[in-house]
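Just below is one structure, and these are the notes that go with it.
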Amino acid sequence: MSALFNFHSFLTVVVLGICTCTYLKMQFPAILEQRTGFRGFFWKAARIGERLSPWVAVGCFTMGVSIIFF
C-alpha cells in the first residue's frame, strides 16, 4: 500500500520528513531560508522539528520501534 492509504505509513513519512528538514536546516541553513513557495513547506517542517524536538524525537523512536516489531 502507498503512504496515502495506510495511516501508519503516512505518519512515518511525515515524521521522517520533519526530521530530515530539521537536520538539513541545522547543517545547511542557506537551503531553507526562503519561507514562501515550495521551499516554505520544508522550512515549516524544519520549524516544527526545532520547536517540538523532544516530541519529534519520541515520535521517531516510537515509529522505529513499531516498524521493527510490528
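All of these numbers come straight from a predicted model, not from anything done at the bench.
- To the nearest 0.5 Å, atom CD1 of residue I18 and atom SG of residue C60 are 8.5 Å apart.
- Residue pairs satisfying the salt bridge (charged side-chain N to carboxylate O under 4.0 Å, His left out) criterion with at least one member in residues 53-69, sequence neighbours excluded, are absent.
- Atom-to-atom distance recorded for M63:CE and C19:SG is 10.5 Å, nearest 0.5 angstrom.
- For the side chain to side chain contact (heavy atoms under 4.5 Å, CB included) test, residues two or more places apart in sequence or in another chain that qualify with I67 are H8, T12.
- Taking hydrophobic clusters as Ile, Leu, Val, Met, Phe, Trp and Tyr residues chained together by side-chain heavy-atom distances below 4.5 Å, V15 does not share a cluster with M26.
- Shown here are the ring-ring contact (aromatic ring centres under 6.0 Å, His included) partners of F28, two or more places apart in sequence or in another chain: there are none.
- R35 meets the salt bridge (Lys or Arg N to Asp or Glu O under 4.0 Å) test with no other residue; sequence neighbours excluded.
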| task | Quick one: do K25 and W43 satisfy side chain to side chain contact (heavy atoms under 4.5 Å, CB included)? Show the steps, please. | result | CA-CA 8 Å; K25 187 171 182 181; W43 178 84; 3.2 Å; yes

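- Note: L24 CG to I31 CD1 = 6.0 Å, rounded to the nearest 0.5 Å.
- A continuous path of ILVMFWY side-chain contacts below 4.5 Å connects L52 to V14, so both sit in one hydrophobic cluster.
- Remark: V58 engages T62 in a side chain to side chain contact (heavy atoms under 4.5 Å, CB included) (not counting sequence neighbours).
- Here the closest non-hydrogen pair linking L32 and A46 is CD1-CB, 4.1 Å.
- For residues 46-61, the pairs satisfying side-chain hydrogen bond (donor to acceptor under 3.5 Å, both in side chains) are R47-E50, with sequence neighbours left out.
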